[in-house]
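Both backbone and side-chain heavy atoms feed into the values below; hydrogens, waters and symmetry mates do not. By convention in this document, chain letters (A, B, ...) are assigned in the order of the sequence lines, proteins followed by strands, and residues within each chain are numbered from 1. Just so you know, these numbers come straight off a predicted model, no measurement behind them.
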2 protein chains.
Amino acid sequence: MPILGRRDHIIDVAIRLFCEHGFHATGVDRIMREAKVSKKTLYNHFRSKDELILAALQQHDSVFRNNFVKDVEQLANTPEGQLIAIFDAAEAWFSKQNFFGCMFVNVVGEYSDPTSPMRDVSRNFKQMIWRYIVSLCVEAGAKNPEKLANELALLFEGAIVTAQISGSALSASTAKNVAKQLLAANLAKKADK
Amino acid sequence: MPILGRRDHIIDVAIRLFCEHGFHATGVDRIMREAKVSKKTLYNHFRSKDELILAALQQHDSVFRNNFVKDVEQLANTPEGQLIAIFDAAEAWFSKQNFFGCMFVNVVGEYSDPTSPMRDVSRNFKQMIWRYIVSLCVEAGAKNPEKLANELALLFEGAIVTAQISGSALSASTAKNVAKQLLAANLAKKADK
DNA sequence: GGCAAGGGAAACAGATCGGTTTCCTTTGAG
DNA sequence: CTCAAAGGAAACCGATCTGTTTCCCTTGCC
């Protein structure tokens, strides 16, 4: 009912439908039906479907990263521990009923133009995740934090897609296992403390 | 003109368009226009668009794996070398002009029903790649070939998606670097020969 | 030459797409 | 109470979707 909540509500419904069925397959009629708003209201808040898609991506970008970082910080309180906890948080994510892979991976499969604003948001999301991992690597005292972050981000990405296709969350522990080896090889020993 | 080549030609065009623009966004009108066949001919070979999608996925499954294995075998002639060469072949793949990510990753973003035949083909493709890696790990004398293959497949998957989103082929060498470390840790030393 | 089969072009069908407009009701602030 | 703004329901628009059908022309085979 509150005016300010309407827009966010539409975006929430749109995110859910886009994640589950894709972007082209999800019509505005269905979004408006499930959000229980009229088409007039929807187009009062968004000039076009593309603008709604973009708003959904940006909202999901913000919310997902915020929650993910919070989850990781709740699972461990040292930088090394948090780098590993990323994969525990991932496993919990993969195990959710409404897990349909990464929205930002799914969107690039439907919009191939590299100058598309959807791809900009997608690239930006992955870069933000990477920077987060870099910052943890720096705190953990990695010799080459950016290189280590590249490797950990790659494992993360691979685990997400593998979980999506296989329908199993096992890939998270596979990635976690490799991550542990990478940390052992790239982090200063505790003796250095 | 040959009757037998028509069906394959339609499939080839469909694969190209599905990879570049996605499945829902690619209409049969466009496929038929670019394949230079009439709609009658198209529906004479395929009962529905879904059947064409399925045929395209199966064809791509077969052709891609065949070519990929051939590329790997051309790049190295030992099992250890081939396990590494996977990522060199990947880099060449990522660098192609018409690289739009993995068709089987893209398709699961548009068809979320786990019982969908499209997802069956996708799962099967990833499993075939995994089995190929397992066989190389066995030949290379890995202690736990299936576990090592899980890890290498994860790196492979992560490299593909990262290349697709970033638009850069650098992820291949990142994955290759990690793969080398994994092989060094999991393969019997040369002294054992 | 004649003839059946296949294919091309295009009309057609019914549904759905994104998006606009109309009309009427609700609602909140002065 | 009044009145303007906002929202809901639904008609409407033109375009596009998958899929079917019609008509005509080519082509290969006997």
Could you tell me how far apart [X] ([atom1]) and [N] ([atom2]) are, to the nearest whole angstrom?
X	N	atom1	atom2	result
Leu42(A)	dT20(C)	CG	P	11 Å
His45(B)	dG19(D)	NE2	P	16 Å
Lys49(B)	dT16(C)	NZ	P	15 Å

Mind checking side chain to side chain contact (heavy atoms under 4.5 Å, CB included) for Leu170(A) and listing every partner two or more places apart, or none if nothing turns up?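 With sequence neighbours excluded, Leu170(A) shows a side chain to side chain contact (heavy atoms under 4.5 Å, CB included) to Ser168(A), given in chain and number order.
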
Tell me, please, which residues at least two apart from Asp113(B) pass side chain to side chain contact (heavy atoms under 4.5 Å, CB included). Thr115(B), Ser116(B)

Does [X] make a side-chain N or O approach to OP1 or OP2 of [N] shorter than 4.0 Å?
X	N	value
Asn44(A)	dG7(D)	yes
Thr41(A)	dA6(D)	no
Ser48(B)	dT18(D)	no

Find the distance between [atom1] ([X]) and [atom2] ([Y]) and round it off to the nearest 0.5 Å.
X	Y	atom1	atom2	value
Ile53(B)	Ile11(B)	CD1	CD1	12.5 Å
Asn177(A)	Asn150(B)	CG	CG	10.0 Å
Ile86(A)	Ile133(A)	CD1	CD1	4.5 Å

Which atoms of nucleotides 20-26 of chain D (N or O only) lie under 3.5 Å from a protein N or O atom, and what are those distances?
| unit_1 | atom_1 | unit_2 | atom_2 | d |
| --- | --- | --- | --- | --- |
| dC23(D) | N4 | Lys40(B) | NZ | 3.3 |

Check this for me: Gln127(B), atom CD, are more than 12 non-hydrogen atoms of other residues, nucleotides or ligands nearer than 6.0 Å? yes

Among dG7(C), dG8(D), dG19(C), which nucleotide has an atom closest to any side-chain atom of Ser38(A)? dG8(D)

Sorted by number, the residues of residues 14-36 of chain A with heavy-atom contact under 4.0 Å to DNA chain C: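 Here the set is Thr26(A), Gly27(A), Val28(A).
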
Note: contacts of residues 50-58 of chain B with DNA chain C (heavy atom, under 4.0 Å) are none

How large an angle, rounded to 10°, do the end axes of the helix from dG1(C)-dC30(D) to dG30(C)-dC1(D) enclose when each is built from five base pairs? 10°

Trace of the salt bridge (charged side-chain N to carboxylate O under 4.0 Å, His left out) decision for Lys126(A) with Glu157(A): CA-CA 9 Å; Lys126(A) 296 300 180 184; Glu157(A) 202 73 72; 2.8 Å; yes

Salt bridge flag under 4.0 Å for residues Glu34(A) and Arg16(A): yes

Output yes when Arg65(B) and Asp61(B) qualify as a salt bridge under the 4.0 Å nitrogen-oxygen rule, no when they do not.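 Yes.
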
Would you please classify the geometry between the [Y] ring and the [X] ring as parallel, tilted or perpendicular, with 30° and 60° separating the classes?
X	Y	result
Phe99(B)	Trp93(B)	perpendicular
His60(B)	Phe64(B)	tilted
Tyr111(A)	Phe23(A)	perpendicular

Without swapping roles, check the side chain of Asn186(A) against the backbone of Leu182(A) for a donor-acceptor pair under 3.5 Å. yes

